[in-house]
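Letters A, B, ... are given to chains in the order of the sequence lines, protein chains preceding strands, and every chain is numbered from 1.
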Amino acid sequence: MALLEVHDLVVEFPTRRGVLTAVDEISLHIDEGEVLGVVGESGAGKSMTGNAIIGLLEPPGRIARGEILLDGRRIDNLPYDQMRTIRGKEIGAIFQDPLTSLNPLYTVGEQLVETIQTHTDMTPTQARARALELLIEVGIPAPERRVDQYPHQFSGGMRQRVVIALALCVNPRLIVADEPTTALDVSIQAQIIALLKRLCSEHGTAVMLVTHDMGVIAETADRVAVMYAGRIAEVGPVKQVVKRARHPYTHGLMGSIPVIGHDADRLTQIEGAMPRLTDIPTGCAFNPRCPQATDRCLRDRPEPMPTEDGQVACWLFEKEAAHV
Amino acid sequence: MAMAEQTTPKPVQAPKGGAAAGGAMARFFDGDVWHSFKNSPITVVAAVVTVTIFLAALFAPIVSPHDPYDLMLLDVMDSFMPPVWEADGDPRFLIGTDDQGRDMLSTIIYGSRASLFIGFASVLLSIVLGVGLGLVSGFRGGMVDAFIMRVAEIQLSFPTILIALLINGVLRGVFPVEQQADVAYAVLILSIGVSGWVQYARTVRGSTMVERSKEYVQAAHVIGIHPTLIALRHILPNVMGPVLVIATIHLAVAVISEATLSFLGVGVPPTEPSLGTLIRIGNDFLFSGEWWIAIFPGAALAILVLAVNLLGDWLRDALNPKLR
Amino acid sequence: MSEVMRTEASLSDTTMLEVSNLKRYFDVSRPFLNRVLEGAPRQILKAVNGIDFKIKKGETFSLVGESGCGKSTVARLIVGLYAPTEGKIEFEGRNIGGLSRREMAPLRRRLQMIFQDPYASLNPRWRVRDIIAEPLRAFDLESDEVGIERRVGELLSFVKLTPADGEKFPHEFSGGQRQRISIARALASQPDFLVCDEPTSALDVSVQAQILNLMKDLQREFELTYLFISHNLAVVYHISDRVGVMYLGQLAEVAPATTLFRDPRHPYTRMLLDTIPDLDMTGRQRMPVAGEVPNPITPPSGCSFHPRCPFATDRCKSEAPLPRDLGSEVFVACHGVEENRIPRGPVIDAPPALR
């Protein structure tokens, strides 16, 4: 059974101009020890999906329909306190900006110890020892000295390591990482990705990696879900999605990324932009930008259809799906 | 709209505030500020009260039952009349008369007119001084900034009313006694206006320093626009938001300052009384039974200041997206 | 195809812009009172610390590097937003570094800039038509309002927007559209030279592709010369003819784009190339680069890259290397390359102590 299952999740934002649907009936699952990449451009609803899973949707955002199951147990309708325990114990979270995830008024050690003691019954001495262990594990040099320093004394990359240490405090089974490398320099990005990958394979932690960066996905994820305008366009093994994308959006997206060694004078370009939540087209949301759109795409919304190794929500693959 | 613009090109050199204002009006009624106004009953009440008082003051000669300035119409026989509901009440004078036989209601309406005029004028003076100095301070930086801000800090370390009294005293000393009644308004406006610029200057300086480093300002530099024009055309419109909020609350403060100065006897002369002057006059009779002479102007002042303050508080919250 | 393009571009040998020994220091000390009371030392940030490069007419020269390497400062020095602390910036042979606003005026028309953040680079209170018309009015390029209106419409259509968009305010546009408006404003004065400071780094990839394509089209149509600033190596590879790699205010390597990416010589360049994610899914793992960029206020002695460099020797720790001409337009500042002790090849190993 999958560790995390999401069924027909709908996230809505009531505004005075009507209810906006940021995430529209998406379903996905993550197995134990698996890294699922959730990729999409800004406004695709990828972060919203991540926040819904960890129970940190910013009000007035709310889960309108659907279920989120962790180990077969529903977690989307839990009261705040119970969800908080789950967030500490079973789901860890890593955000884009490490500075906002750390309290500037407490030392790194104090924050680690507090988190450890909240979720275990370790003594302060044990908790501190565990904190040091974690700092070593995430590759912070001179941890005995660094543990008593404040977040502002750390560089961006080192802060993100501390945030990862915080997320790992109590050996969670799932980590939701929302753009964990976006704020970092390229050379530091690679360090953080390598660290995340190593820790997850060592601990068997599943990861939901939310990012806009196909490069990060390509070398980290096992499977990828591509999101567009609040829907999943395509899900599949990373190699298949990156190299042989099915959905016209994924296809265009991959072509629009410049690659070193590929000498193309012009990049493939998808015309237009992702629709705003206030005016999502009827039918397939991608139809105004799709070079292969038919009348049917303007009319009927495609649901994700099974393929041999994943799913794709596009009418072009209806026949193929019927054979699976 | 675009067509009309094309056929009748405007002979303007630079974009004017007016061009932006048309769109701004439409956006205002469609926007969040109007929405939050409609949904705050207290604010609506405050606005109605404020507008009523403003209109009454503006059209004082029309709405007042009597003209308290016309000495010919005054009759000593009418003095010290209590409100109509008291035993000796006269139906001509709804809330009684003062020691000279002036109708209280009319003196209050004319008094509000004087108070509001001085209030508005001194706020305007403060804005011109404060915004100007703040803009220069934030835009130029360096020694100019240091000098202006030190002056501001020194002024801030004294109570505002003390500064106003000081300026008032100096200005009065400049003019001969016989002219003092004529220049009373100007002296009041100067002393209240000059004592209130600091808050504008500090706020505008802060926003200016933020705006100054933004790329649209750099773009104007790259085009070679003169720094003074950059400050006026680009930065000034973008730092005026908070000024509006301060000005609203400052109006209440200025009216109070005026009342305080007039109460202390250094404000407007008793022949053309403001609310503060009325309270001072009434104060002499408060314990001899003629309570209405002090209480009604006092209540009018309190209601006016409260209503304006409530409006200011709401405006501050409505314009600050973080509080919403 | 693009090989042809690149050669065509390098056919022109007229130098448009030449920068020599350019330096820009910033005083980042605490305020005077704090220095006196707390004994805090005066601190100088050497954002740009002696760089030399030439940009030929019609080419795209890119500066690439991590945050804090000084690449954006170079951009701002060239358009005159900062005055150089030392060194020369020659535009068609004339030194423009530190010119007064008045002296710079005739050159500004020809030297424009595109900014990084499309949400900050347009005045939120101005209509788009006024934003684009600002250079036209400032340089007095049109005789009357009718001319301005016609020209603004034309500029909007150059960047694939419609003249009717001029009536709107910036907030009504998406990030990509705003960047187009920014480009239209930069093109308004018919410049020859555009400084592009990370013009696509705030955009989504599909929008980035649109903007990069547009920039290439405009370059061809208006014979523009670009100085392109970016931290994204793949974008730099795609758009550039020649590339300079910056590290802590200095140029580590300058080379034609194809050469730089095929045969990187400086250990830092090679390290950067190793961090590029592999979208070809060849199974290559990207090498995590050891260490982090040091604080530029207290840069390391000698070669500023030596603490992260696996080939560093005692000489590297004490003596700063100067750029050396290796032929074929390749310049590298590295003792190791000079001493021929850096192996050539794609992947280098980080020293174990720093991993």
Residue selection (most heavy-atom pairs with chain A, distance under 4.5 Å) from Asp217(C), Asn232(C), Asn213(C), Val235(C) =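 Of the candidates given, the most pairs with chain A belong to Asn213(C).
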
With chain A, which of Asp204(C), Leu203(C), Leu212(C), Val207(C) has the greatest number of heavy-atom pairs at distances under 4.5 Å?
->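 Max contact count across the listed options: Asp204(C).
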
Tell me, side chain or backbone of [X] under 4.5 Å from chain C's heavy atoms, or both, or neither?
X         : result
Ile270(A) : both
Met274(A) : neither
Thr268(A) : backbone

Best-contacting candidate, His212(A), Met254(A), Met158(A), against chain C by heavy atom pairs under 4.5 angstrom =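 Of the options given, most contacts go to Met158(A).
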
Does any pair with a residue in residues 267-276 of chain A pass salt bridge (Lys or Arg N to Asp or Glu O under 4.0 Å), and if so which ones, sequence neighbours excluded?
->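 Matches after skipping sequence neighbours: none remain.
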
Are any side-chain N or O atoms of Asp185(A) and backbone N or O atoms of Ser67(C), one a donor and one an acceptor, separated by less than 3.5 Å?
->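 Yes; judged by distance alone, with no hydrogens or angles, the pair exists.
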
Any donor-acceptor N/O pair, Glu66(C) side chain to Leu184(A) backbone, under 3.5 Å |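 Not at all, since once roles are kept as given, no pair shorter than 3.5 Å links the two residues.
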
Pair Ser206(C)-Gln269(A), side-chain donor/acceptor within less than 3.5 Å =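 No - no donor-acceptor pair under 3.5 Å links their side chains.
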
Does CD belonging to Gln43(C) count more than 12 external heavy atoms closer than 6.0 Å?
->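 Counting other residues, nucleotides and ligands, CD of Gln43(C) exceeds 12 neighbours.
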
Within 6.0 Å of NE2 in His306(C), more than 12 heavy atoms from elsewhere =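 Check passes, neighbour count above 12.
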
Considering only distance and modelled atom types, tabulate donor-acceptor pairs under 3.5 Å from the side chains of residues 230-237 of chain A, sequence neighbours left out.
from, atom 1, to, atom 2, distance (Å)
Arg231(A), NH1, Asp24(A), O, 3.1
Arg231(A), NH2, Pro302(A), O, 3.2
Arg231(A), NH2, Glu303(A), OE1, 3.3
Glu234(A), OE1, Arg246(A), N, 3.4
Glu234(A), OE1, His247(A), N, 2.9
Glu234(A), OE1, Thr250(A), OG1, 2.8
Glu234(A), OE2, Arg246(A), N, 2.9

Go through the steps for His238(C) and Asp265(A) under the test side-chain contact (heavy atoms from CB on, under 4.5 Å), then give the verdict.
-> CA-CA 8 Å; His238(C) 177 76; Asp265(A) 182 42; over 6 Å; no

Reported CZ-to-CD1 distance for the pair Phe261(C) and Ile260(A), which is rounded to 0.5 angstrom =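 Separation between the atoms: 4.5 Å.
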
Just wondering, do Pro258(A) and Gln208(C) contact through their side chains at under 4.5 Å, heavy atoms?
->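 Side-chain contact under 4.5 Å: yes.
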
Val205(C) side chain reached by Met214(A) side chain, heavy atoms, under 4.5 Å |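 SC-SC contact between Met214(A) and Val205(C) ruled out.
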
Chain A heavy atoms under 4.5 Å from Leu233(C): which part of the residue, side chain, backbone, both or neither?
->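 For Leu233(C), heavy atoms of backbone and side chain both lie under 4.5 Å from chain A.
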
